[in-house]
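Positions are given from 1 along the sequence.
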Amino acid sequence: MSERNLNLLHPRDQIIMIINRIYKKGLTTTSGGNISIMDSNGDMWVTPSGVDKGSLKPTDIMCVKAGGEIVGPHTPSMEYPFHKAIYAARPDLKSVVHAHPPALVAFSIVRQIPNTNVIPQVKRVCGPIGYAKYHIPGSSKLGDSISEQFKLGFDSVIMENHGAVVGGSDVIKAYERFETLEFSCRTLINAKNVGTPYFLTEEQLDLFEAKIPVNFSQMESVSHPSDEKEIRLLIRDMVRRACDQGLMMSTYGTVSVRWKGNDFLITPTDAIRWDIQLNDIVQIQDGKCEPSKIPSRSTWMHQKIYEMHPSINAIIITQPENLMAYGVTHRKLDVRTIPESWIFLQDMENVEFGSQFEGVMTIPKMVSKENPGVIIENDSVLMTGNSLLQAFDRLEVAEFSAKSLVMGASLGDFAPMNAAEIEELKRVFF
């Protein structure tokens, strides 16, 4: 269900859609977490207590009426009082998500607040993070502690020794905030295994926001021949696959595929990645985009890469959590540790934050058939291929390699292949 059709769904169905996603992504347990929606009548719809989160049905969702009456076949979540307290403190919020994903819990039990200046969209989506002191789950004191943080203006709150709670103008926005916050915590934890995280300044964050495209030249008319429609389907399915594989999130990820000549199709700015629709995808022809659409902010860079490298037919830009551990520590990913990784990726380089901005030629000049990918520090990973499947395969190999290196960092020093072994790989495979 796309965001533009969200209001057509009953709150029960909206909750089921999001709790299914949270559970399948491993962000909650069978019994943990709760979601609520406040409707226009002042009624609160909320997940039940003690019912398997992996098999909830719309009929299981409880309703706490504005007058206090409870309607439904179960007992509402024991923590619905703090949801109610949040809505009272912040009438602008219409949905609340609470759960205990591992990385957020890790921060809560060491009593730290994650620094959201680690990656631009983390700060944009989550904002500053509040901190609620520990109280017994379901207690009025816990509700007071949490609602006070929301009253101060925080939309995301770490709950001491507990987990996290976020709010949004609707359930999609709340979920995006929740998922992005957990991603940032995983990235920071992984980063500490390989080095020291670097954080962006407010000036760098402001510069990034200024790069959001708003005035693309638009085509006067657009056509959709069969081969163009086929590319739309390919992009949509691969974006959804990337989300399912943990390689892309709701709030970030760009895919483009060359169509003909240097024309291509690309994902839009600010689409829900896991629910991207065929009509969301943007055609770029002669440097102009489809009318009434805003393509990815990185469209200029895609255009330059296609113009300079005829062998590149697909580009993916995204933020896998283990690769981003290297991106935020500014450490080089040593793919010489695994033969298959080096064969697929050669030597991936890091480029400075800002290299992705329009007018900077660093990345278009750097990528090639021999150097298919780069890590953009504190931003993302860019991977290319002669097809979308090849680019995706390379991205998966890179993330798996990064995960092995992150895990191996706690075991001892790495033993990469020596120069003679690399030369042998070159001779056999190239």
query = Side chains of R111 and N161: donor-acceptor distance under 3.5 Å anywhere?
reply =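 The criterion, which ignores hydrogens and geometry beyond distance, is satisfied for N161 and R111.
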key: CA sep, side-chain torsions, deciding dist, call: R427, E423, salt bridge (charged side-chain N to carboxylate O under 4.0 Å, His left out)   = CA-CA 6 Å; R427 179 179 58 81; E423 286 303 315; over 6 Å; no
Is [X] reaching over with its side chain to a backbone N or O of [Y], donor-acceptor style, under 3.5 angstrom?
X    : Y    : answer
Q112 : F107 : no
S156 : I129 : no
D393 : L389 : no
N117 : L200 : yes
D263 : D286 : yes
T318 : L247 : yes
R297 : T269 : no
S298 : M301 : no
Q356 : D379 : no
Q14  : L9   : yes

Taking every non-hydrogen atom, the tightest pair across [X] and [Y]:
X    : Y    : answer
V105 : G163 : CG2-CA, 4.1 Å
L93  : G167 : CD2-C, 3.9 Å
P197 : T329 : N-CG2, 4.0 Å
P120 : F208 : CB-CD2, 3.4 Å
E370 : Q346 : O-CG, 2.6 Å
T299 : I266 : OG1-CD1, 3.7 Å

Calculate, to the nearest 0.5 Å, the distance between atoms [atom1] and [atom2] belonging to [X] and [Y] respectively.
X    : Y    : atom1 : atom2 : result
L265 : L278 : CG    : CG    : 10.5 Å
M249 : Y175 : CE    : OH    : 9.5 Å
F216 : S296 : CZ    : OG    : 8.0 Å
I15  : L56  : CD1   : CG    : 9.5 Å
M159 : Y134 : CE    : OH    : 10.0 Å
W45  : I61  : CH2   : CD1   : 9.5 Å

Could you tell me whether the side chain of [Y] reaches within less than 4.5 Å of the side chain of [X], counting heavy atoms only?
X    : Y    : result
R273 : T267 : no
I172 : M17  : yes
Y252 : I119 : no
F183 : V118 : no
E352 : T362 : no
F82  : S147 : no
D347 : W342 : yes
T29  : K53  : no

Would you say [atom1] of [X] has more than 12 non-hydrogen atoms from neighbouring residues, nucleotides or ligands within 6.0 angstrom?
X    : atom1 : value
D227 : CG    : yes
E421 : CD    : yes
K123 : NZ    : yes
Y198 : OH    : no
E230 : CD    : no
M407 : CE    : no
K24  : NZ    : no

Provide the full list of ring-ring contact (aromatic ring centres under 6.0 Å, His included) pairs with a residue in [range], sequence neighbours left out, each pair given once.
range            : result
residues 348-384 : F353-F357
residues 285-315 : F264-Y306
residues 365-418 : none

remark   = With N190 as partner, the option from N322, V328, L323 fulfilling side chain to side chain contact (heavy atoms under 4.5 Å, CB included) is N322
note = Which of I305, I375, I316 passes side chain to side chain contact (heavy atoms under 4.5 Å, CB included) with L382? It is I305
With a cut-off of 3.5 Å and sequence neighbours excluded, list every side-chain donor-acceptor pair involving residues 233-244.
residue	atom	partner	partner atom	Å
R240	NE	I276	O	3.3
R240	NH2	I276	O	2.9

Sidechain N-carboxylate O distance under 4.0 Å for [X], [Y]:
X    : Y    : result
R124 : D270 : yes
D92  : R90  : yes
K403 : E399 : no

request  = Please lay out, stage by stage, how V367 and M308 fare under the test side chain to side chain contact (heavy atoms under 4.5 Å, CB included).
outcome  = CA-CA 10 Å; V367 297; M308 294 173 64; over 6 Å; no
query = K133 and E148: salt bridge (charged side-chain N to carboxylate O under 4.0 Å, His left out), yes or no, with the steps?
reply = CA-CA 11 Å; K133 297 290 289 183; E148 184 61 32; over 6 Å; no
Report, one line per pair, each donor and acceptor closer than 3.5 Å where one atom sits in a side chain of residues 287-294; sequence neighbours left out.
residue	atom	partner	partner atom	Å
E290	OE1	K293	NZ	3.3
E290	OE2	R232	NH2	2.5
E290	OE2	Q283	N	2.8
K293	NZ	N279	O	2.5
K293	NZ	I281	O	2.9

Review item, side-chain donor-acceptor pairs of residues 94-104, under 3.5 Å, at least two apart:
residue	atom	partner	partner atom	Å
K94	NZ	P91	O	3.1
S95	OG	S36	O	3.0
H98	ND1	A164	O	2.8
H98	NE2	E79	OE1	3.2
H98	NE2	H100	NE2	3.2
H98	NE2	H162	NE2	3.3
H100	NE2	H162	NE2	3.4

